[in-house]
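The next block holds one structure in the form of structure tokens; read it before the comments.
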Amino acid sequence: MKTSFFNKYKNFFDITMLKFIIVGIINTIVGMGAMLIAANVFNCGYWFSSAANYIIGSIVSYFLNKYFTFQDKKKSFKTVLKFIINISVCYLIAYGVAKPLIYAIFSFTSAKIQLNIAMLTGSVIFVALNYLGQRFWAFKH
């Protein structure tokens, strides 16, 4: 029996994903705002600026995703620890891949442009990895 794409993936593309996207928009505005201000106003480096994004953004993300997206009511240090591990691993992978990749591809541009493109690329990679980690590991029911 053939199943449609929607039926096959309906548990993945559901209201939880929509809520995660809404939280992600809020989190992105807050976190990327902090990152771009740190990099462009205060002239902080790549790692400090991107870390500011995820430290500030992760605090917002944790509470909104815990209570709004995944409706996790239990108080558990284990959940907090899993969330921190997930955020940390996703951050290191995303930004560790983005910087050398973008700097190589955009070697003809200025360092400031490379920095901003690398930070934005890292953000995109991070979002995908983070959703999977939060949904299927950190806040898994």
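Heads up: numbering here begins at 1 and tracks the sequence. The figures here come from the full heavy-atom set of this structure, side chains too, leaving out hydrogens, waters and symmetry mates.
- Relative orientation of the Tyr46 and Tyr103 rings is perpendicular, given thresholds of 30° and 60° on the angle between their planes.
- Under the 3.5 Å distance criterion, the side-chain polar atoms of Thr121 are matched with a main-chain donor or acceptor of Ile117.
- In this structure, Trp47 is a member of the same hydrophobic cluster as Leu36, with clusters built from ILVMFWY side-chain heavy atoms closer than 4.5 Å.
- Here the straight-line distance linking atom NZ of Lys73 with atom NZ of Lys66 works out to 9.0 Å at 0.5 Å rounding.
- When side chains are defined from C-beta on, Ile85 counts as touching Trp137, because their heavy atoms get closer than 4.5 Å.
- Separation of atoms CE (Met17) and CD1 (Ile15) is listed at 12.0 Å; rounding is to 0.5 Å.
- Between the Lys99 side chain and the Gln114 main chain, no donor and acceptor come within less than 3.5 Å of each other.
- Clustering ILVMFWY residues whenever any of their side-chain heavy atoms sit less than 4.5 angstrom apart, transitively, puts Ile87 in the very cluster that holds Ile21.
- Listed here is the closest heavy atom pair of Ala94 and Gly122: CB-O, 3.4 Å.
- Put simply, the side chain of Asn130 never gets that close to the backbone of Phe126: no donor and acceptor are under 3.5 Å apart.
- Asn53 places no side-chain N or O within donor-acceptor distance of the main-chain N or O of Ser49, the cut-off being under 3.5 Å.
- No side-chain heavy atom of Phe106 sits under 4.5 Å from any side-chain heavy atom of Ile113.
- If you take SG on Cys90 and CD1 on Ile125, they are separated by 11.0 Å, rounding to the nearest 0.5 Å.
- In this pair, Tyr62 and Phe83 present their aromatic rings perpendicular. The plane angle is above 60°, beyond the 30 to 60° band.
- Smallest separation of non-hydrogen atoms from Arg135 and Tyr131: NH1-OH, 2.6 Å.
- With a 4.5 Å cut-off on side-chain heavy atoms, Leu64 and Asn27 do not count as touching.
- Counting all heavy atoms, side chain and backbone alike, Thr79 lies closest to Ala138 at CG2-O, 3.8 Å.
- Surrounding CZ of Phe108 are more than 12 heavy atoms belonging to other residues, nucleotides or ligands, all under 6.0 Å away.
- Contact detail for Ala34 and Ala52: the closest heavy-atom pair is CB-O, 4.5 Å.
- Leu120 and Ile37 are not part of a single hydrophobic cluster, where members link through side-chain heavy atoms under 4.5 Å apart.
- Follow the hydrophobic side-chain contacts under 4.5 Å out from Ile84 and you reach Phe136 in the same cluster.
- To the nearest 0.5 Å, atoms NZ (Lys78) and CG (Leu81) are separated by 9.5 Å.
- Using a 4.5 Å cut-off on side-chain heavy atoms (C-beta onward), Asn40 and Asn116 make contact.
- Note on Ile25: it clusters hydrophobically with Phe63, by side-chain heavy-atom contacts below 4.5 Å among ILVMFWY residues.
- When each of Thr16, Val23, Asn86 is checked for a side-chain contact (heavy atoms from CB on, under 4.5 Å) with Gln134, only Asn86 meets the rule.
- Side chain to side chain, Ser123 and Tyr95 meet the donor-acceptor criterion of an N or O pair below 3.5 Å.
- The side-chain heavy atoms of Met119 and Ile102, taken from C-beta on, include no pair separated by under 4.5 Å.
- The 12-atom threshold is not exceeded at CZ of Phe48, counting heavy atoms of other residues, nucleotides or ligands nearer than 6.0 Å.
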